[in-house]
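Indexing begins at 1, ligand by ligand and atom by atom, following the structure's order. We use all heavy atoms of the structure for the numbers below, so side chains are in, but hydrogens, waters and symmetry mates are not. These figures come from a predicted structure and were not determined experimentally.
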Amino acid sequence: MADTQPKKTKPETIKSIGEFGFIEKIRESLKTKNSSVISGIGDDAAIFKPASGHELVFTTDMLVEGRHFDFKLITPWQLGAKTMAVNISDCAAMGAKPTVAVVSIGLPKDYPMSDVEAFYEGMKGMGEAFGAQIVGGDTVGSDNFVVNIALIGEVESGKALRRNGAKAGDALLVTGNLGDSSAGLHALQHPSAKNKDITAALIKRHLTPTPRFTVGRALSTKRLATAAIDISDGLSSEIHHLCDESKLGAEIHEEALPISSSLKAYCEAEGLNPLDFVLSGGEDYELLFTVPLTHISQVIQKVPAETGTPLKSIGRMVPAAKGITLITRKGERIPLKAKGFDHFAKK
Ligand code: ADP
Ligand code: MG
């Protein structure tokens, strides 16, 4: 008689299938027909043929369990998608197209394979949505889950968006809304929050950010921006980086800062100040960029229509001696300190 009882098997782990079994599984799921990938997983290194007339951009981002994320708040699939998205965001801020990525991963030996596979599905899906292919990586045992993606992008020669190209008088623009992601994290950490519809929208922005790829490309290919940076650590911190590199100051108008209705409603309900999230919250992954006044009407009229991404002019670049200033709704001028998240800052 056939055994009809479902067998109780232990979940597969990296320990049970071994490093090479693990790599085989990943290799199978990451097969590609992309003709610029001459060789992917399986050799000592991957081979990639860049498009002619392009320059390569390199970026890398590492996320450590307990430091950057908590598996109580994010699923493996979401973490995979987010890790890839933050790297693609760096490419977008350079105006480049993502191409190939290598993924280094540190895994506890009893970590379930099904979770690793979901993590890879998340990375792969986000990568493919923007043209990035995983072509290799490295695997080590580790007490905590650690992941690092190194991503290569390509951009038409001479057209990369740098942080150092802004000129005094340029308008300062930002994509989308600011502060939603950090408010989403706040909502996850304070689950008593009342309005679930509002918190859901903010939490989504925190867990599954969208890189502003099409905006970055529109700005670089048409040479519409003089400088750009992605907002990973909060506006106040990123504006300092842009100003330092371009050797300029800036004026930002509080009333022009793009704040979503969800963030407003959340802050009202919780007795919080949206400006704290907008200026000092992190992980928005919006683009902050500068546009010469000669191009501003073209950018404001055409880029949102072409990319589906709203843009807002929030201020302008000024000579370095004027510093970096926030002009409040009341017309007060306050020096804007870089309060964004700094991993090595004293808490
Ligand atoms: P080596 O010892 O030469 O570095 P590995 O055994 O680490 O080679 O890797 C074998 C192949 O599997 C390589 O092509 C490598 O890029 C790929 N690889 C290893 N770990 C991963 C991973 N976590 N994700 C994707 N590819 C991986
Ligand atoms: Mg190796």
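Remark: ligand 1 atoms within the under-4.0 Å shell around heavy atoms of D44 are 3 (O). Of all atoms in ligand 1, listed by their number and element, those nearer than 4.0 Å to a heavy atom of G136 are 16 (O), 25 (C), 26 (N), 27 (C). Near D43, meaning under 4.0 Å from one of its heavy atoms, ligand 1 places the atoms 13 (C), 14 (O). Residue contact check: I105 has heavy atoms under 4.0 Å from atoms 23 (N) of ligand 1. Atom numbering of ligand 1 starts at 1 in the shown order; those under 4.0 Å from a heavy atom of I41 are 12 (O), 14 (O), 17 (C), 25 (C), 26 (N). Here is the list of ligand 1 atoms found below 4.0 Å of a heavy atom in Y120: 22 (C), 23 (N), 24 (N), 25 (C). Against a heavy-atom cut-off of under 4.0 Å, V103 is close to the following atoms of ligand 1: 22 (C), 23 (N), 24 (N).
Looking at F20 next to ligand 1, no N or O pair under 3.5 Å apart turns up. Distances between N or O atoms of G42 and those of ligand 1 include at least one value under 3.5 Å.
L161 and V215 fall within a single hydrophobic cluster, where Ile, Leu, Val, Met, Phe, Trp and Tyr side chains are chained together by heavy-atom contacts under 4.5 Å.
Between R329 and E255, no side-chain nitrogen of the basic residue sits less than 4.0 Å from a carboxylate oxygen of the acidic one, so the salt-bridge criterion is not met.
Clustering of Ile, Leu, Val, Met, Phe, Trp and Tyr by side-chain heavy atoms under 4.5 Å joins I152 with V37, F48, L56, F58, V100, V102, V135.
Using bins of under 30°, 30° to 60° and over 60° for the plane-to-plane angle, the ring pair F119/F145 lands in the perpendicular bin. Taking the six-membered ring for Trp and thresholds of 30 and 60 degrees, H190 and H186 have nearly parallel ring planes, at less than 30 degrees apart.
Both the backbone and the side chain of T139 come within contact range of ligand 1, each with a heavy atom under 4.0 Å.
With sequence neighbours left out, H240 forms a side chain to side chain donor-acceptor pair (under 3.5 Å) with no residue at all.
Checked by atom type, the side-chain pair S246/N164 shows no donor-acceptor distance below 3.5 Å.
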